[in-house]
Structure formats: structure tokens, C-alpha cells
Amino acid sequence: MRELPKIYDPKSVEQKIYQMWLDGGWFKAERDPEKKPFTIVIPPPNVTGQLHLGHAFDDTIQDTLIRYKRMKGFATLWLPGTDHAGIATQIKVEEQLRKEGLTRFDLGREKFLDRVWEWKEQYGSRILEQLQTMGASCDWSRLRFTMDEQCAKAVREVFVSLYEKGLIYKGNRIINWCPNCTTALSDAEVEYAEKPGHLWHLRYPVKDSDEWVIVATSRPETMLGDTGVCVNPNDERYTHLIGKTCILPLVGREIPIIADEYVDTEFGTGCVKMTPCHDPNDFEVGQRHGLEQILILDNDAKIINGGKYNGLDRYEARKQIVADLDEAGYLVKIEEHGHNVGTCYRCGTDVEPITSAQWFVKMEPLAKEAIRVVEEGEVKFVPDRFSKTYLTWMYNVRDWCISRQLWWGHQIPAWYCADCGHTTVSRDDAAECEHCHSKNIERDPDVLDTWFSSALWPFSTLGWPEDTEDLKYFYPTDVLVTGYDIIFFWVARMIFSGCEHMKKPPFHTVLIHGLVRDSQGRKMSKSLGNGIDPIEMIDQFGADALRFNLITGNSPGNDMRFYVERCEAMRNFCNKLWNATRFVMMNLTIDKNELPEKLELEDKWILSKLNALAKEVDTNFDRYELGVAATKIYDFIWDSYCDWYIELTKPRLNGEDEAAKISAQQVLLYVLTEILKLLHPFMPYITEEIFRALPHDGDALMIQTYPEFTDALNFPEEEAQFEIIMNAIRAVRSRRAEMNVPPSKKPRLIIVSPKADVFEKGTVYLSKLAYAGQVEIVTEVPADTEGMVNVVTDEARMFMPLSELVDLDKERERINREIGKAEADLAKIEAKLNNEKFVSKAPENVVAQEREKAAKARTLIENLKNSLEALG
RNA sequence: GGACGAUUAGCUCAGCUGGUAGAGCAUUCGCUUGACGUGCGAAGGGUCAGCGGUUCAAGUCCGUUAUCGUCCACCA
């Protein structure tokens with residue numbers, strides 16, 4: 001038998017164990033027709049990223065589920081991979097280039113992409129290695145990347161088939177433009193921030209008249225692109241102006257005054273300047289009224305088509321234009337006005353609405369099925385409230401802008417003919433225009449939104465569009481685990497993509513978790529410098545401790561604060577389990593894990609509790625209540641097994657009776673082994689390491705069968721009996737603590753109880769755990785108890801001859817206090833039982849429970865009163 | 001403007017389908033108790049945000065108010 005060190009050292013264990021799992025090949029998913037599949041695809045982390053606590057949390061949940069299902073006999077596949085993360089990665093490589101004094105344009109597209117691939121080769125596996133330190137049991141043989149050949153094929157197929165169905169189109173529409181990333185963004189990629197601003201009131205003279213209109217704007221510089229002024233048709237102030245024109249100040253352009261219901265008569269002046277190229281609403285109005293479109297900002301948000309302002313940055317232009325308007329007398333007033341500014345979710349730059357030719361996915365037809373599968377429960381969100389979030393979004397979803405003016409990504413498979421103008425969209429790279437067969441064609445330089453390829457992840461990773469064996473066996477996947485922050489980006493798009501291309505939603509459950517925040521509840525971020533590195537936590541406390549910290553103490557969908565102290569507490573728990581094992585091992589003479597024929601009362605108690613635990617844990621897993629399950633296992637190990645059961649076996653282990661010694665070992669070993677199985681999905685490393693050290697069957701703990709409830713080990717009667725003894729022990733300990741009696745002092749303990757037979761079985765426990773010298777069980781109160789310390793429960797009266805410590809007055813006072821409390825309790829219970837409605841309407845077992853409580857309370861009171869009397 | 005979440009012990013949070021509250025940390029007291037002081041035993045501490053309702057019974061269900069937070073939409 002191996003000797004274990006006194007303190008558990010995760011560092012010396014984790015790598016070794018992980019290697020052992022890899023060598024065993026147990027992560028590798030096998031398609032087994034005899035088994036049910038259970039599949040999770042990982043939310044692919046950015047290939048250039050580093051593991052942060054959010055990943056650690058997400059991945060711990062997934063690994064726990066996968067390990068549980070694996071032990072439950074499912075053919076499990078946890079498919080790992082990384083995301084090419086278009087903008088994020090491109091920015092990183094461009095930063096690197098900048099240090100060399102280069103831009104991507106200096107290199108050119110091809111060379112730049114080579115550099116990105118180089119970067120990917122260099123850093124792309126870092127996050128995966130970090131994932132491994134967490135203990136992730138991914139099938140690394142199926143590792144995928146959103147830019148690998150297989151995924152590219154899927155992307156191409158999806159793009160072309162959607163195009164053929166008319167669900168992808170190119171259009172000149174208003175989109176969100178990030179001037180820093182110089183690309184279009186989807187609506188989902190814009191974050192809104194409330195910022196203080198102003199409302200400038202500008203005077204636009206009406207042509208051939210002394211009149212003018214005053215428009216209010218928060219973006220005066222966009223006036224350069226104004227092609228109209230709009231009022232509400234029912235606004236009597238302005239009806240006479242409708243159809244007239246005004247002269248745009250500074251520019252001199254003549255622009256029409258139009259009427260549209262869109263204008264709110266209550267807001268501002270009731271007159272709105274129309275800039276169709278740079279405001280989504282103006283764009284819509286402009287379309288309705290055929291307003292001219294004048295683009296006044298280029299890709300860097302500098303003025304174009306703006307005369308003397310050309311080349312100015314948008315904010316610089318604002319200053320100048322306002323100054324010029326003021327000088328020329330067109331500025332009426334400036335009001336303070338807070339407003340929401342859209343910013344780029346990648347770089348934080350203010351986003352500019354710009355009309356631009358981009359590719360879009362037509363969402364309405366796709367959303368229909370994506371709504372149905374959630375409404376009809378084919379896809380369930382846990383917690384359920386997120387289905388509402390999802391549905392609201394899906395109901396109101398607008399067309400998805402999928403083209404990005406980047407180089408890193410899946411290039412759009414569209415070729416434009418210079419001769420006939422036809423667009424060829426093709427699965428294979430086009431060599432000629434499909435319409436006029438001209439070779440004079442050029443490919444669209446843009447790439448697709450990163451989320452376009454992630455949306456296909458649940459089936460592209462399994463081989464689609466090929467009809468592979470993996471796809472047939474593992475699709476649809478089962479559970480998708482992710483944070484609520486990417487429901488729109490990713491979950492929603494996976495669902496409609498799965499429905500459209502696979503005719504089946506990609507998973508039946510979406511398990512949503514919250515964000516990991518710092519100890520003050522702030523989001524962890526680089527700029528705040530409040531991030532905690534999970535690798536550092538693993539280094540300090542072990543992966544198991546980190547995992548347990550993350551999985552407990554939070555509820556699904558809610559954010560959690562991360563406390564390093566909790567990691568420490570969990571590290572202590574590991575150590576506790578480790579030392580329990582040391583205890584078992586140093587007493588172990590058997591080499592086989594089997595239960596004895598004859599079970600003692602305490603054996604039945606612990607086995608029965610363990611059995612009940614297995615059942616509860618199963619239920620909790622079914623409901624995705626992983627934290628609850630983990631806490632129950634923790635409590636069982638620390639309280640039931642360590643603090644009670646191990647202590648209870650000591651008399652047997654140290655006694656003379658060989659058979660008793662063996663049976664204690666057997667139960668200790670059996671329960672410990674079951675504990676390891678129960679705990680393994682949560683704390684894979686330490687449990688596996690301990691399992692190896694114990695006598696065991698099978699190659700590894702991770703492929704053992706998970707414990708299940710069995711009638712054979714259900715002993716409710718014995719459990720209840722043992723609880724009586726435990727209560728007595730607790731009562732004695734409590735009394736002793738109150739009186740400051742040290743454990744070394746072991747007085748005689750006289751027990752008077754109608755349950756003498758139960759206590760008879762418990763004398764050893766009482767002497768061990770209640771520090772009793774000699775335990776005497778009698779049916780009548782002996783005559784000489786006067787002046788002894790009284791300990792009273794509802795099952796027994798106990799006496800300890802510690803008369804030198806007893807202050808009779810204090811003792812009376814204490815007992816009277818206890819009587820008072822017990823009587824108050826009883827009064828409450830009796831009030832309930834005397835309530836006719838309660839007795840008639842409450843379920844029988846509840847009423848019976850109350851009756852039992854009342855009986856116990858009465859006994860307690862009686863016992864206390866007798867004790868009081870006996871004091872004299 | 002709309003939706004959602006939170007409000008429980010000093011702090012951070014659990015509490016599943018309603019049956020008079022739990023954990024970790026912190027605090028106090030005691031302990032070389034032959035696995036563990038990263039430990040053991042004991043103790044203190046909560047009108048479960050307020051109000052109203054349903055019910056025999058409400059931290060739990062319903063309504064409402066307040067405070068904080070998140071998301072969505074957005075009127076220039």
C-alpha cells in the first residue's frame with residue numbers, strides 16, 4: 001500500500017493524471033450503437049486568446065456534465081476547437097506589424113494572411129493547453145478550427161445555398177460602420193452607451209420667403225449630407241411649408257420640406273433634418289420620399305463631399321461647422337441632451353451609421369422555425385427565462401449584415417463580372433462569369449462575419465456537408481453551455497442555422513450561466529486590471545479547487561463574484577478528502593472492495609445516507625443543478641463521512657475483534673470509493689489519484705459506473721435510530737462545551753431512555769464522541785443523580801457526575817430556560833394541530849409530522865421538568 | 001419606453017415542485033481528540049427589502065412599491 005503525503009499537492013498529481021487519461025484514450029468518443037450518444041460542442045474560444053475565468057467557468061460546467069454522462073454509460077463526445085475571431089485576431093496581428101512599422105497594406109492581402117496563419121500556429125494552441133490544465137476531457141482527436149478546410153466547406157455550402165434560396169442578398173443599405181476597424185458590423189456587434197451630448201438648434205431658411213425652420217440635431221456635422229427637412233403632416237405649425245424647399249446653410253443646397261408620420265411633434269422643434277446616408281431613420285424616410293443620398297463620411301469617418309470641410313475628422317468637422325453656423329447666424333441654441341451612442345464591441349470606437357453595399361442574410365424566413373422550436377420546447381433554455389430573451393430578439397430580428405471589410409476570415413464566394421456586371425456565387429472558385437463566360441471577373445474582397453462560421457459549429461465540426469458517420473451519430477448535439485452574453489451572437493444563429501441546414505435544431509438544451517466578476521462585482525477587464533488568471537489559481541490551489549469554487553455557490557444564469565478565499569476553502573476540502581484517504585489506507589489490510597455480510601448500525605447509517613445522496617445527485621444533474629449536487633457531495637464527505645463515520649470506526653479499527661476490524665475497513669473503503677465516483681465529475685484529478693492508490697477494479701475512475709440508488713442499501717429505520725444517538729452525542733458535547741470540560745475529562749454517563757435498545761448499540765459511540773468514561777443504560781432514574789450534570793433530549797435523560805462543576809442555581813436557570821423554549825415550541829405546534837382546517841386540509845404526512853413533533857416536545861419538557869425536580 | 005434579474009447571518013451567496021431558514025469566509029469559546037490545525041468540538045448572529053393578496057401553511061406563488069443591476073428598443 002502506498003504511503004500518501006500528509007498534504008495533498010495538486011501540482012505533483014494533475015499533469016500526470018491528465019497524461020494517464022490521454023494514454024487511456026478515454027476522452028475519445030466512440031460511436032457505439034449500443035449506447036446513447038451525449039454530445040457537447042465547446043463554445044470555441046478565440047484562437048489567439050488566453051484562458052480567463054469565464055472560459056474556466058464555462059468549461060468546468062461542460063466537463064462536469066460530460067464526465068457524469070460518460071460514467072452513466074453514454075457515448076460521450078466533447079468536441080473542442082477554436083474560433084478564428086476575425087476582427088480580434090486581425091487587430092492583434094496588425095498591432096504586431098505596427099511594431100515593425102508596417103501596416104497590412106504594406107504586406108498585401110496574401111502575405112498578411114500568411115502572417116496571421118503564422119500567428120495562429122504560434123499561439124493557437126496556448127488556450128487549448130490551458131484548457132487541458134483545467135482537466136477538460138475533450139476529444140482532442142476531433143479538434144476543429146473555424147477556418148479549417150472542413151469548416152470552410154460548410155461555410156461555402158451555406159452561403160451558396162442561402163444565396164440560391166434568395167436568403168442571402170447584397171444591398172446598399174444603412175449599416176453600422178466602425179471607423180477604427182474599418183469594417184461594417186452587425187447590429188449585435190454594436191454596444192450602446194449613454195453619453196452626455198447636446199442638441200443643436202439650427203435655422204434653415206425657407207427658399208423665397210422670410211421664414212425659416214428650426215431643426216434640432218445631436219450631430220450637426222451631418223448637415224453636410226442633409227437632403228431634406230421633415231415635419232409631421234398633422235403638425236399645424238408647418239403644414240404651409242410642406243412641399244416648399246429650404247436652403248441648406250453653409251452648403252447652399254436646396255432641399256425639400258417633406259411630411260412623414262415618423263416625426264414626433266412633441267420632441268425638439270418638430271422639424272427634423274434628413275441625412276439619409278448617416279441615420280437609419282432618415283434612411284427609411286428618405287426611401288419613402290425619394291430623397292437624394294449624399295455620403296459625407298469616408299471609411300475613416302472623415303468628411304467627403306463636404307466642400308471646405310473635406311478631410312476633417314467627424315468630430316473636428318463638428319466643431320468647425322458649429323462655429324461657422326454660429327458665425328453666420330444659423331445657430332439658434334444649444335441644449336444639454338444625453339443620448340445613446342453606439343460603439344464597436346471590439347474596439348469601443350463610436351460607430352457610424354453609413355449607407356454601404358453589403359451582404360445580408362434575410363432573417364424573417366429563418367427566424368420562423370427558430371421561433372417555433374423554442375416555443376414548442378424542442379429547444380429548452382435553462383433557466384427558462386432566457387427563452388423569452390431569445391424569442392423577443394428573434395421576433396424583432398433584422399437582416400443580418402454578414403460582410404466584413406477585413407482580410408482574416410472566410411472570403412465571400414462571389415465574383416463580379418467586369419463585362420456584364422453579373423455576380424457569380426459559387427461553391428467552387430469561379431473561373432469565369434456564369435452569365436457571359438467572361439474571364440474578366442473579380443472576387444469580392446470582403447470576408448464573412450466570424451459568427452457566420454460559428455453558427456454552423458454544431459454540424460460543420462461533425463463533417464457536414466458530408467453525411468459522415470459522426471454527423472449521423474452525434475447530431476443533434478445535446479447541451480450547449482454558454483454565457484447569456486452571446487445568446488444573440490451565437491446561440492440564436494446556431495439554432496436557425498441548424499433548423500435550416502440540418503432540419504433539426506442543433507441541441508435540445510441551452511444551459512446559460514452568468515458572468516464571473518471580481519470580488520467587488522465588477523466585470524473583469526484588462527483596463528481595470530482586476531482580472532484573475534485561472535492558471536494562477538490552479539497553480540496555487542489546484543484545478544479541482546478552482547473548478548469546485550466555480551461550480552458551487554451560484555445559481556444558473558446569475559453572475560457570480562470570484563473570491564480567492566473560496567478557492568482556498570475548496571483547496572482545504574481537497575486536503576480533507578486526501579487525509580480521509582490517508583486514514584483509510586493506514587488502516588487497510590484488505591485488498592478487495594466489497595461490503596461485509598454483517599453491517600453495524602453506523603454502517604447502515606452511512607450506507608443509507610450515501611444511497612440517498614446518489615439519488616439526489618442524479619436528480620440534480622437531470623435538472624442541471626450542478627452546484628446543488630456538488631454542495632451535497634461536499635457536505636456528505638465532510639460531515640457524514642469524515643466527522644462522523646470515520647470517528648465511529650475508530651473503536652472498531654483499534655479494537656481486538658478481527659472481524660469487526662475487517663468489516664469497518666470494508667465499509668470505509670466502499671463508501672470512500674463511491675464518494676470518489678460521485679465527486680469525480682466535479683473534481684477529476686484528486687479523485688482519480690486517490691482511486692489509483694486504493695484497491696480497485698477497472699483502469700480508471702473516470703470510466704467507472706456512476707453510483708445509483710439501490711433498495712439493497714436503503715435503511716431508513718437504522719438511519720433514524722442512529723440519529724437518536726447522534727442527537728445525544730451532540731447534546732452532551734454542547735453541555736460540556738458550555739461548562740468548559742476538556743475532552744481529557746471522561747466522566748461516567750448514565751442514560752435513561754425508553755429507547756434503551758438503541759442506546760445499547762451506541763455505547764461505544766458515546767464514549768468515543770461524547771468523551772464518556774463509562775456508559776450505563778438504565779430504565780429508571782437512579783437515586784444518586786442529584787447534583788449531577790443533566791443533559792436532556794427528547795429521547796433520553798442523561799447524567800454526568802461532574803458535581804464539582806455544577807452550580808445548582810445556574811443549572812436551574814438553564815433548565816427553566818430550556819423548558820420555556822420547549823413550551824413555546826409546543827404551543828406553536830399545538831396551535832397548528834388544534835386548527836381544524838390544518839388537520840383537515842394539510843396532507844396526512846405533514847399532519848403526522850406535526851404530531852410527532854408535538855410528542856417529542858412533550859417528552860422533552862417532561863424530561864426537563866424531571867431533571868429540574870431531581871436537582872432538588 | 002419595454003423586458004428581465006437581484007434584495008436572505010458582519011461579507012459573498014445557496015435554498016429544487018409552498019410545510020416556521022443553510023453554507024463558505026469572518027467573529028467568540030474550548031481542544032496535541034493517533035487522518036487532517038488547510039484540523040476538531042461548541043457558540044453567537046436573520047420580523048428572508050416594504051406593503052397587500054392567495055393558502056390550513058409563504059423566503060418560496062400572485063400583485064404592488066422602493067433600491068440596485070442587466071439586456072433590448074430608441075425621438076432628430
Side-chain angles (χ1 to χ4, degrees), chain A residues 4 6-8 187 192 199-200 215-219 222 230 262-275 279-282 337 339-340 383 385-386 388-389 392-393 396 484-485 487-488 514-515 519 521 541 545 549 552-555 557-563 565-566 568-587 616 619-620 623 625 627-628 631 634-635 642-643 646-647 650 654 729-730 733-744 768-771 825 828-829 832 835-843 845-847 849-850:
Chain A
L4 298 181
K6 198 168 169 179
I7 286 177
Y8 173 61
D187 294 338
Y192 289 90
L199 213 49
W200 285 270
V215 295
T217 178
S218 59
R219 306 224 26 216
T222 62
C230 191
Y262 152 75
V263 177
D264 179 356
T265 54
E266 304 292 313
F267 188 86
T269 59
C271 283
V272 189
K273 60 192 265 318
M274 290 287 117
T275 322
D279 182 281
N281 294 308
D282 297 3
H337 182 65
H339 56 135
N340 262 342
R385 64 183 137 98
F386 289 105
K388 197 171 173 181
T389 311
T392 316
W393 188 80
N396 302 305
Y484 58 72
D485 50 334
I487 291 177
F488 306 140
L515 269 37
S519 61
F541 305 108
N549 182 5
T552 57
N554 62 74
S555 49
N558 287 358
D559 291 353
M560 65 183 299
R561 295 190 194 197
F562 189 89
Y563 279 86
E565 300 83 61
R566 263 178 62 86
E568 208 175 311
M570 296 314 162
R571 188 266 323 257
N572 294 353
F573 173 62
C574 290
N575 199 237
K576 186 74 183 173
L577 177 62
W578 186 255
N579 277 289
T581 306
R582 286 181 66 225
F583 172 81
V584 172
M585 285 177 63
M586 68 174 56
N587 286 290
E616 288 181 42
T619 312
N620 291 134
R623 296 178 185 163
E625 296 160 353
V628 178
T631 307
Y634 175 102
D635 288 343
C642 292
D643 290 346
I646 282 186
E647 292 307 319
K650 284 178 181 173
N654 300 330
I729 290 170
R730 281 191 274 250
R733 280 173 174 173
S734 179
R735 282 264 52 215
R736 290 177 58 114
E738 269 174 55
M739 295 168 70
N740 284 327
V741 186
S744 50
K768 168 76 191 159
L769 298 185
Y771 319 105
D825 282 349
K828 271 188 198 164
I829 300 165
K832 231 182 217 186
N835 182 345
E836 216 265 305
K837 282 180 180 168
F838 171 74
V839 180
S840 58
K841 290 195 177 174
N845 64 320
V846 174
V847 178
Q849 232 174 59
E850 290 301 312

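In what follows, every heavy atom counts, from backbone to side chain, and hydrogens, waters and symmetry copies are set aside. Letters A, B, ... are given to chains in the order of the sequence lines, protein chains preceding strands, and every chain is numbered from 1. Predicted model, so just to flag it, every value in this text is computed and none were measured.
- Nucleotides B/U64 and B/A43 are separated by 44 Å at their P atoms, to the nearest Å.
- Under the Watson-Crick or G-U wobble criterion, with both distances below 3.5 Å, B/C61 is paired with B/G53.
- Nearest to the side chain of A/Ser734, among B/A35, B/C56, B/A43, sits B/A43.
- Between B/U17 and B/U33, the two C1' atoms lie 43 Å apart (nearest whole Å).
- Taking only distance into account, the side chain of A/Arg561 never meets the base of B/U12 through a donor-acceptor pair shorter than 3.5 Å.
- Comparing B/A76, B/U12, B/C56 by their closest approach to the side chain of A/Lys841 singles out B/C56.
- Comparing the same atom, P, in B/C11 and in B/U27 gives a spacing of 15 Å after rounding to whole Å.
- Separating the CZ atom of A/Phe583 from the C1' atom of B/C36 is a distance of 11 Å, rounded to the nearest angstrom.
- Comparing the same atom, C1', in B/G5 and in B/A76 gives a spacing of 33 Å after rounding to whole Å.
- Annotation for A/Asn579 and A/Arg582: closest pair OD1-NH1, 2.7 Å, computed over non-hydrogen atoms.
- Considering only the side chain of A/Lys576, B/C36 comes nearest among B/G19, B/C36, B/A76.
- In this structure, A/Lys576 and A/Asp643 have side chains that are in contact, with non-hydrogen atoms separated by less than 4.5 Å.
- Rounded to whole Å, the C1' atom of B/U55 lies 13 Å from the corresponding atom of B/U60.
- Regarding A/Glu625, its CD atom lies at a distance of 8 Å from the P atom of B/U17, rounded to whole Å.
- The partner of B/U67 is B/A6, by the rule that a Watson-Crick or G-U pair needs both atom distances under 3.5 Å.
- The nucleotide whose nearest atom lies closest to any side-chain atom of A/Phe838 is, among B/A43, B/A76, B/G19, B/G19.
- Two residues are said to be in side-chain contact when any heavy atoms from C-beta on lie closer than 4.5 Å; A/Arg385 and A/Lys388 fail this criterion.
- In this structure, A/Tyr262 reaches the bases: a heavy-atom distance under 4.0 Å links it to at least one base atom across the strands shown.
- By the neighbour-count criterion of 12 heavy atoms within 6.0 Å, atom NZ of A/Lys650 is densely surrounded, having more than that number from other residues, nucleotides or ligands.
- Comparing B/C29, B/A35, B/C74 by their nearest atom to the side chain of A/Tyr192 picks out B/C74.
- Two residues, A/Thr552 and A/Lys650, neighbour RNA chain B, and the one matched to the more 5' nucleotide by heavy-atom proximity is A/Thr552.
- Pairing of B/A73, defined by two Watson-Crick or G-U wobble distances under 3.5 Å, is not identified with any nucleotide.
- At a threshold of 4.0 angstrom between heavy atoms, the contacts of A/Val628 with the nucleic acid are absent.
- Pairing for B/C48 is absent, with no Watson-Crick or G-U wobble pair whose two atom distances lie under 3.5 Å.
- Across all strands shown, A/Ser555 has heavy atoms under 4.0 Å from sugar-phosphate atoms exclusively, and none from any base.
- Distance check on atom P: B/G15 versus B/A6 gives 10 Å, rounded to whole Å.
- Separating the CG atom of A/Asn575 from the C1' atom of B/C40 is a distance of 14 Å, rounded to the nearest angstrom.
- For A/Glu647, whose side chain is taken as the heavy atoms from C-beta onward, the closest listed nucleotide among B/C36, B/U70, B/A76 is B/C36.
- Nucleic acid contact for A/Asp264: base, since at least one base atom lies under 4.0 Å from a heavy atom of the residue.
- Comparing B/U20, B/A76, B/C25 against the side chain of A/Ala569 picks out B/C25 as the nearest.
- In the set B/C71, B/A35, B/A76, B/A35 carries the atom at the smallest distance from any side-chain atom of A/Asn579.
- One P atom belongs to B/G53, the other to B/U70, and the distance between them is 35 Å to the nearest Å.
- Among the atoms of the strands shown, base atoms are found under 4.0 Å from some heavy atom of A/Cys642.
- At whole-Å resolution of the value, OH in A/Tyr563 and P in B/C11 are 10 Å apart.
- OP1 or OP2 of B/G39 lies within a sub-4.0 Å distance of a side-chain N or O belonging to A/Asn572.
- With rounding to whole Å, A/Gln849 atom CD is found 15 Å from B/G18 atom P.
- Counting heavy atoms from C-beta on, the side chains of A/Thr389 and A/Phe488 come closer than 4.5 Å.
- If you check every strand for non-hydrogen atoms under 4.0 Å, A/Tyr771 touches a base.
- Among the atoms of the strands shown, only primed sugar atoms or phosphate atoms (P, OP1, OP2) are found under 4.0 Å from some heavy atom of A/Asp643.
- With both pairing distances under 3.5 Å, B/G39 is matched to B/C31 as a Watson-Crick or G-U wobble pair.
- Heavy-atom nearest nucleotides on RNA chain B were determined for A/Lys768 and for A/Glu850, and the one closer to the 5' end corresponds to A/Glu850.
- Put simply, CZ on A/Arg566 is 15 Å from C1' on B/A26, counting in whole angstrom units.
- Atom pair A/Asn549:CG and B/A14:C1' shows a separation of 14 Å (rounding to whole Å applied).
- Between A/Glu738 and A/Arg735 there is a side-chain heavy-atom pair separated by less than 4.5 Å.
- For the pair A/Ile487/A/Trp393, no side-chain contact is recorded, criterion being any heavy-atom separation below 4.5 Å from C-beta on.
- With B/A42, B/A76, B/C36 as the choices, the nucleotide that has an atom nearest any side-chain atom of A/Ser218 turns out to be B/A76.
- Contact annotation for A/Lys6: backbone-only contact, meaning every heavy-atom pair under 4.0 Å involves sugar-phosphate atoms and none involves a base.
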Mind listing the N/O atom pairs, protein and nucleotides 1-10 of chain B, below 3.5 Å?
{"from": "B/A3", "atom 1": "O3'", "to": "A/Lys388", "atom 2": "NZ", "distance (Å)": "2.9"}
{"from": "B/C4", "atom 1": "OP1", "to": "A/Lys388", "atom 2": "NZ", "distance (Å)": "2.8"}

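- Side-chain contact between A/Thr581 and A/Leu4 is present, with heavy atoms from C-beta onward closer than 4.5 Å.
- Comparing B/G39, B/A76, B/C56 by their closest approach to the side chain of A/Phe267 singles out B/A76.
- Between A/Tyr484 and A/Leu515 the shortest side-chain heavy-atom distance falls below 4.5 Å.
- Here the shortest heavy-atom pairing between A/Asn575 and A/Lys6 reads ND2-O, 4.1 Å.
- Donor-acceptor pairing under 3.5 Å, judged by distance alone, is present between the side chain of A/Arg623 and the base of B/C16.
- Using a 4.0 Å heavy-atom criterion, one finds that A/Val263 contacts the bases of the nucleic acid, with or without backbone contacts as well.
- Among the heavy atoms of the strands lying under 4.0 Å from A/Ile7 is at least one base atom, whether or not backbone atoms are also near.
- Computed from coordinates, the A/Glu266 CD to B/A76 P distance equals 15 Å when rounded to whole Å.
- Nearest heavy-atom pair, A/Ser218 versus A/Trp200, reported as atom, atom and distance to 0.1 Å: O-CZ3, 3.4 Å.
- A/Leu199 comes within 4.0 angstrom of nothing in the nucleic acid, heavy atoms only.
- Judged by distance alone, with hydrogens and angles left aside, A/Asn340 brings a side-chain donor or acceptor within reach of the base of B/C74, the pair sitting under 3.5 Å.
- Scanning all heavy atoms of the two residues, the minimum distance from A/Thr217 to A/Arg219 falls at OG1-N, 2.9 Å.
- Pair assignment for B/C11: B/G24, on the basis of Watson-Crick or G-U wobble contacts that are both within less than 3.5 Å.
- Here, B/A21 and B/G59 have their C1' atoms 8 Å apart, quoted to the whole Å.
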